[in-house]
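Heads up: the structure comes next, in structure tokens.
In what follows, chains are A, B, ... by sequence order, proteins preceding strands, each numbered from 1.
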Amino acid sequence: MNETTGVEVVSAIMAPQMPRHQDILARLNKEQAQAVSQGWGPSLIVAGAGSGKTTVLTRRVAFLIKELGQDADSIMAVTFTNKAAKEMKTRIETIIGDRTRFQWIGTFHSMCARLLRKYVEDYKTPEGWQWSKNFVIYDETDSMNVLKAEMKKLGFDDKVFPPKEIRATISALKNDGYTYNLYAAEAVAYRERKIAEIFAVYQKGLATNNAFDFDDLILVFTDLMRRNPAVRASLTRRFQHLMIDEFQDTNKSQYEFVRLLGDVFSSPEEISAGRGRSLAGLTEQEVKDQWHERSLMVVGDVDQSIYSWRKADYRIFLGFQNDFSNCNMIKLEENYRSTSTILDIANSVIRNNTERIDKELRCNRDAGAKATYYEGSDQIDEAFYVVEELKRLKARGRAYNDATILYRTNAQSRAIEEVLIRSGVPYTVVGGTKFYDRAEIKDIIAYLKLTFNPKDGQSFMRVVNQPRRGIGKTSMERLTAYADQRGCSVIEAAVEAQRIGNLSPKTMAALSQFANCVFTRWRPRSVPEQLNEETGQPMGYKDPISGLIQMILDDTGYMDMLAEEAMNSKDELAVGRMENIRELLLVAKEFEDVADTPDLETFLTRISLVSDLDNEKLEKEDNLKLMTLHSAKGLEFPVVFLMGLEEGILPHMRSLESDTAMEEERRLMYVGVTRAEDLLYITRARKRSFINRQADGSSGFSAQMLPASRFLSEITPGLLSGFFPGASGGAGGGNTRGGGYDDENQEHWGGGGSGFAKKPSREGYIDDDSSSSRSGGGYYDGGGSDKYGDNSGGGNRTGGGYGNSNGGRSGYGGGNQYGGGQRTGSGSGGYGGGQRTGSGAGGGAKPAASGAGGGASRQVYRNGQRVEGLTTGQRKEPPRTFANQHTPGQFKPSMYDNTGRPGAPAEPEFERMVVGDVVQHAKFGVGKVEQVIGEGNKELYAITFGEPGKKILDPKFAKLIKLSPEA
DNA sequence: TGAGTCCCGATTTTT
DNA sequence: TCGGGACTCA
């Protein structure tokens, strides 16, 4: 610690000429430098979009450590996402250097999970329910199952109390800071009392499984701190500096955590309960002294509060100054990110919100280009426009990495992905399909969870018959009934399966064998390597996770099961599943290499809290990122495409009725716009396919005309290039436009009645590139030379689906949706006046699938010849479709689907076999290769062994040793 | 236990 | 429309 007092240090550091601070304070403006270099005490940083918030936070940490002599382990920084945490951690460690690790950074959830691991055994509910250190974290499915089971036991009618709704209610309560007993104390109405009852049994159910749900991590930990003043005291002593990012999206439960940990004074409740430290009656100096060498910094922007549905409440942010009377407020109002045009757009929209902190974003850049608006005839048209524009930008030297596509709902990605795949643009869906949601991955994780925490009944039930062990539903019911009656966990019941009546001997044996396997084989294998304190000898395993997974795979024959399925083509996705498991093994290995504490506990916690597999190799590649507006928070991109600007999409349908909800939608729009640095595109579709429910209960697809989003009309005229609807809004086709024209595009679009508009001239587009590089290319790819529809496996399905919904799109003429009639004058509507050649060819219901369709003269396929070079770095063959979906055939490509990942981990090597080879297998003994299935790196071998008979093995897994081939 | 059938829900956003 | 879960029957 410093010899000097805090006050002196503060005044010293305020002098910017001190050379030793130069690197930390370099290139900061006055407010930023103030925020970074302020002294002790609470502070509120109002940080507008792009105002260098992350810089301030990272440098503040560095400043605390390097200049104020604080210990890195005395600082905790809370971010909103794991991704942000990771990024910030790297940046901080780079600045502080010295190989000092900055450990305590993460989301509220991960921080609390970590603390719970340490202190949970000090926690006991009034009923005596307890958890132990090796608790697991339940995802929505698991906790839903617990809830359902508990409700069933109490005989609740799930028509009256739909579990889904109850779960949502409980989650909301937890986020609002209600423990089950706190809520029970307040519940008055009948339904409230019933919910309180369910809440309690649900919580008890979680305890039985030694599990927490997401919300518990924070709620229980705050409850723990409240119930154990000693724990709280030791933690507040340890964490002297607390920083919270995205504070506007903090909910009550999280705020409680902040106050319990970060406030040196007690809450009013504590004081009225007769304990704690009050600040009443203290002089200003005395208050300051209390904060000596302590700080609490919250950073946020009310205009970016978009998580109220998760019970985030920006009023907590607004009220922060009241709660901390000696709070220092600093406003960061200088935007370094975006052009002034982009900022003006953002400001003109957000101005329509009522509840805000007054804040003026000053721009630091030039005007830049106008934002571009495009109105597609439908979502496919919209998507084609975006992709075409992307390629144009790419041709001019922008990387795909520079761009992002943002949308309101995940479902919107589908149309875009179809077009991206067709066009061969490499992309990644951020947060879309989740790696850890895949069935096979969940299975393996369940095995790991069960090994780690044998009490985990959900995991037990998930894998007990996977692969088949002859344990069916009835047996499971009897087992759980027995466990309930004995008050023990399911696995404990399984160990003594012989004692359970009415189970067949076979089932009993299978159960106890399985349970014993968990205890005697897997659990011991999960001990990480460490030195024995007495003997000094290393013990445990170097690879506690990957080794364990391998053992589980071997013991259970999980891979063999998949291999067999692949063979029988029972499950055409089985090969993909095997690849996914291999991927998981690599994730585990990598984790063992890099993690600070490479044990099962850390691995499982991380996996439970990270939804997507973050692949750094992938990040380095040039691929386009697709994400929802929510995921985009905190990120920035040179080029942003904001899609789906329609009433019902953005703002979302569910928000149309409420003013508060509408303001949140507007903030979403604001967040989207302010992600952009240089170029902003805003698009919408006049017609969108929906699934809607009829009055008679039936439902079906239907195309709906949606009016333009009100946010469009809130944008100051003149900032958008292209046509945009005026205040009256265009409800439907191009013939109902209500707005103005951009001065650079005097040309009228829209042919009128048909509802299809002629698109604006290329000239003067965005950056005055009058020599458009598009030599009159028809806008759409005819699909003729595209192999898309010929894709194997899932591809067929996709191809079919594509053709069905867009029959006419690919062929123009005779398609079922865009039949000639609608798309009139097919040759005249081309972008930039180009010809839409080949318009009449093809058509039919499935042009894409059949590979037919007119060969439109899109650039890359000019004259049917692929022009290479325009699509640098892009895959040449059609996208391989990984059969990795949990749901067969469902079209939901993800980063794993859109492969051609040059960065994909190298396939494990194996010795190639041919039919007739004699091999040795660790378990099955000697066998003979009967058949080779698949090819290349996906080869599987059908091998006949003596007693085990014929087995399908994956050579990458089964350690096969080739003996001499038989003559 | 496994195969077949029927019905329901799906589309808001995420740790 | 389509997939998954609940339910039924062999």
> Between A/D176 and A/K311, does at least one N-O distance fall below 4.0 Å, as a salt bridge requires?
Replying inline: yes
> Would one find a side-chain N or O of A/T81 under 4.0 angstrom from OP1 or OP2 of B/dT14?
Replying inline: no
>> Judged by each residue's nearest nucleotide on DNA chain B, which is more toward the 5′ side, A/N465 or A/F214?
In response: A/N465
>> From CE of A/M627 over to P of B/dT15, roughly how many Å is that when rounded to an integer?
In response: 12 Å
>> When the C1' atoms of B/dT13 and C/dG3 are compared, how many Å lie between them, rounded to an integer?
In response: 23 Å
>> Between C1' on B/dT14 and OH on A/Y407, what's the gap in Å once rounded to a whole number?
In response: 14 Å
>> Does this structure show an ion pair linking A/K442 with A/D139, if we count only N-O contacts that are shorter than 4.0 Å?
In response: yes
>> Whole angstroms only, please: what is the CG-P distance between A/N410 and B/dA10?
In response: 15 Å
> Touch check for A/K506, heavy atoms < 4.0 angstrom, all strands: base, sugar-phosphate only, or nothing?
Replying inline: nothing
> Could you give the NE2-to-P distance, from A/H652 to B/dT11, as a whole number of Å?
Replying inline: 10 Å
> Starting at CG of A/L650 and ending at P of B/dT13, how long is that distance when rounded to a whole Å?
Replying inline: 13 Å
>> Quick check with a 6.0 Å cut-off and a 45 degree axis cone: is A/K633 positioned over the face of A/F80's six-membered ring?
In response: yes
>> By nearest atom, which of the nucleotides B/dA10, B/dT14, B/dT15 is closest to the A/N82 side chain?
In response: B/dT15
> Hey, does A/H630 have a side-chain heavy atom less than 4.5 Å from the side chain of A/L406?
Replying inline: no
> Which nucleotide in the set B/dT13, B/dT15, B/dT11 lies at the smallest distance from any side-chain heavy atom of A/R654?
Replying inline: B/dT11
> Between A/R606 and A/F591, is NZ or CZ placed under 6.0 angstrom from the six-membered ring centre and within 45° of the ring axis?
Replying inline: no
>> Under 4.0 Å, heavy atoms only, any strand: does A/E140 hit a base, just the sugar-phosphate, or nothing?
In response: base
> Starting at CD of A/E165 and ending at P of B/dG9, how long is that distance when rounded to a whole Å?
Replying inline: 12 Å
> For the pair made of CZ in A/F80 and C1' in B/dT14, what is the distance, rounded to whole Å?
Replying inline: 7 Å
>> Quick check for you: among B/dT13, B/dA10, B/dT14, whose closest atom lies nearest to any side-chain atom of A/Y307?
In response: B/dT14
>> Regarding A/R686 and A/E382, does a basic nitrogen lie under 4.0 Å from an acidic carboxylate oxygen?
In response: no
> Does a salt bridge link A/R310 with A/D249, judged by any charged N lying under 4.0 Å from a carboxylate O?
Replying inline: no
> Counting just side-chain N and O atoms, does A/K148 come under 4.0 Å of either OP1 or OP2 of C/dG5?
Replying inline: no
> Starting at NZ of A/K164 and ending at P of C/dG5, how long is that distance when rounded to a whole Å?
Replying inline: 13 Å
> Where along residues 109-117 of chain A does a heavy atom come under 4.0 Å from DNA chain B, residue by residue in number order?
Replying inline: A/H109
> Does NZ or CZ of A/R114 lie under 6.0 Å from the centre of the six-membered ring of A/W104, at an angle within 45° of the ring axis?
Replying inline: yes
> Hey, is A/W309 doing a stacking thing with B/dT13, by the 5.5 Å centroid and 30° angle criteria?
Replying inline: yes
